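Have a look at the structure below before the remarks.
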Amino acid sequence: MSVYVAKTDKVELRVHETVDVLSTNLAEYISELSEASIKERGVFTLALSGASIVTLMGKLCESPHKRTVDWAKWYVFFADERAIGRNHADSTCKQVRDNLLSKVPIVHSHVYSINDSVPVEQAAEEYEFVIRQLVKTRMISVSDIHDCPKFDLVLLEMGPDGHIASLFPNHSVLNLEEDWVTYITDSPEPPPERITFTLPVINSASNVTVVVTGVNKAEAARMAVEDTDQESADVPARMICPVNGKLVWFLETAAASMLQNVEFSEQT
C-alpha cells in the first residue's frame with residue numbers, strides 16, 4: 001500500500017492508509033536507525049513513550065527484523081512513565097516486557113525502568129541520575145549544542161489534546177530548561193503521578209518520531225503541524241523541534257484527515 005510523504009526543512013510527514021501499514025513502516029524505520037547507530041557508535045539508545053507505542057512496534061518481533069536487528073546492542077528507556085507498580089496493567093514497562101522483551105533477545109539489564117517503590121519526585125531524580133551516569137560513560141551520547149543526553153531515537157505518541165510524553169498543554173513543566181527528567185502529580189489523564197523527559201532532552205535527540213493514529217487526534221495533529229495561531233502555539237507536540245536531529249511524524253489516514261496546507265506526494 002502507498003505512503004504519502006511531505007517534507008519541510010523542519011519535519012517529515014508520512015501518512016499511511018491503515019494502522020497496519022504504519023506499523024510495518026515504523027518497524028522498518030526503527031530497524032534502519034538501529035543499524036545505522038550500531039554501526040556508528042556500537043549501541044542503539046531508544047526512549048519510548050505512550051500506552052500503545054509498543055503494540056505499534058510489534059512488527060519488529062516478526063521476520064525479518066526479529067532475526068536481523070542486533071538486539072543485544074539495544075538500550076531502552078522511558079520518555080515518560082506512570083508512577084504505578086511496574087507489574088500494573090497500565091505500566092509502560094510491563095507492556096514493553098509483555099510485547100517486546102518476551103519476543104526478542106533484548107538484554108533485560110539494558111532496559112531502564114523507573115523505581116516504582118519510591119515517591120514520584122524521588123523516582124524522577126533517580127532516573128535522571130541513571131541517565132547522567134550513562135552520559136558520562138558515553139553509552140548515551142551528549143548533545144553538542146547544550147548539556148543534554150542525545151538519544152538515538154525518542155519515540156513518542158501524541159494524545160488528543162496534543163500532549164507528548166507526560167507534557168500536557170499549559171503545564172509548568174513545559175518551561176523547564178535545566179532538568180532532564182521531571183515529574184507531575186496532576187496529570188489530566190489517570191493516573192495523576194508520572195515522570196517525564198523535559199522538552200530540552202526530547203529536542204536533543206538524533207531522531208524524534210511522533211506516531212499518531214485515530215480521528216480523535218486529527219485536530220491536534222493539524223494544530224501541531226500547520227497552524228500558527230496562539231492557541232496552537234500552546235500544543236506541546238508543536239514544541240517538538242530537534243535542535244540538531246531529524247523529526248518524522250508517522251500518521252494513519254484518519255489522524256491526518258484535517259491537514260489541509262500540506263502537499264503530499266505518493267511514495268510506493
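Everything numeric here is computed off the predicted structure, so don't read it as measured data.
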Enclosure of E35 CD (heavy-atom neighbours >12, cutoff 6.0 Å) = no

Given the rule that I, L, V, M, F, W and Y join up when any side-chain heavy atoms are under 4.5 Å apart, are V235 and V215 in one cluster?
-> no

ILVMFWY network linking V208 to V142, side-chain heavy atoms under 4.5 angstrom | yes

Determine, using the 4.5 Å side-chain heavy-atom cutoff (strictly less than), whether V96 and V104 are members of one ILVMFWY cluster.
-> yes

Report yes if some heavy atom in the side chain of L60 is under 4.5 Å from a heavy atom in the side chain of W71; otherwise report no.
-> yes

In terms of heavy-atom contacts, does CD of E177 have more than 12 from other residues, nucleotides or ligands at under 6.0 Å?
-> no

Minimum side-chain heavy-atom gap K66-S63 below 4.5 Å | no

Can you tell me if S143 uses its side chain to pair, donor with acceptor, with the backbone of P149 under 3.5 Å?
-> no

May I ask you to test the T209-L153 pair for a side-chain heavy-atom distance under 4.5 Å?
-> yes

Least distance between heavy atoms, A220 atom then M158 atom | CB-CE, 3.6 Å

Could you tell me whether the side chain of N207 and the main chain of D152 form a donor-acceptor pair under 3.5 Å?
-> yes

What are the two closest heavy atoms between V212 and K217, and how far apart are they?
-> CG1-CB, 3.7 Å

Audit row: Y183, T196, side-chain contact (heavy atoms from CB on, under 4.5 Å) steps and yes/no | CA-CA 6 Å; Y183 69 98; T196 183; over 6 Å; no

Going from CD on Q267 to NE2 on H16, what distance comes out if it is rounded to the nearest 0.5 angstrom?
-> 8.5 Å

Okay, side chain of E157, backbone of I164: is any donor-acceptor separation there less than 3.5 Å?
-> no

Check whether any side-chain heavy atom of P192 lies under 4.5 Å from a side-chain heavy atom of D186, and answer yes or no.
-> no

Could K59 and D20 be called an ion pair, given the rule that one side-chain N must be under 4.0 Å from one carboxylate O?
-> yes

Of the non-hydrogen atoms in L251 and L22, which two are nearest, and what is the gap between them?
-> C-CD1, 3.5 Å

dist Y127:OH -> E81:CD (nearest 0.5 Å) comes out at 8.5 Å

Report yes or no: do H88 and D116 form a side-chain donor-acceptor pair below 3.5 Å?
-> no

How about W74 and L46: do any of their side-chain heavy atoms sit closer than 4.5 Å?
-> yes

Side chains of L100 and M57: does their closest heavy-atom pair fall under 4.5 Å?
-> yes

Count the heavy atoms belonging to other residues, nucleotides or ligands that lie under 6.0 Å from CD of E12, then report whether that count exceeds 12.
-> yes

Full working for side-chain contact (heavy atoms from CB on, under 4.5 Å) between F250 and V210 = CA-CA 6 Å; F250 277 69; V210 181; over 6 Å; no

Residues V15 and T253: closest non-hydrogen pair is CG1-CA, 4.0 Å

Ring centroid separation F77 to F151 under 6.0 Å = yes

Any salt bridge between R132 and E128, counting N to O under 4.0 Å?
-> yes

CD-CD1 distance between Q122 and I114, expressed to the nearest 0.5 angstrom | 11.5 Å

Cluster question for you: counting only ILVMFWY and a side-chain heavy-atom cut-off of under 4.5 Å, with indirect links fine, are L134 and V76 together?
-> yes

Compare all side-chain heavy atoms of F78 with those of V111 and state whether any distance is below 4.5 angstrom.
-> yes

State, with a plain yes or no, whether a side-chain heavy atom of R41 is found less than 4.5 Å away from one of I38.
-> no

Rounded to the nearest 0.5 Å, the OG1 atom of T213 sits from the CG atom of L56 at a distance of 6.0 Å

In plain terms, say whether R82 and D90 are close enough for a salt bridge, that is, a side-chain N and a carboxylate O under 4.0 Å apart.
-> no

Cut-off 3.5 Å, side chains only: do S91 and R86 have a donor facing an acceptor?
-> no

Which atoms form the tightest heavy-atom contact between S187 and E189, and what is the distance?
-> OG-O, 2.6 Å

More than 12 heavy atoms of other residues, nucleotides or ligands under 6.0 Å from CZ of F168: is that the case?
-> yes

Do M258 and V19 sit in the same hydrophobic cluster, where Ile, Leu, Val, Met, Phe, Trp and Tyr count as joined when their side-chain heavy atoms come under 4.5 Å apart?
-> no

Side chain to side chain contact (heavy atoms under 4.5 Å, CB included) partner of V173, chosen from L199, T198, T182 = T182

Give a yes-or-no answer on whether the side chains of D80 and S49 include a donor-acceptor pair shorter than 3.5 Å.
-> yes

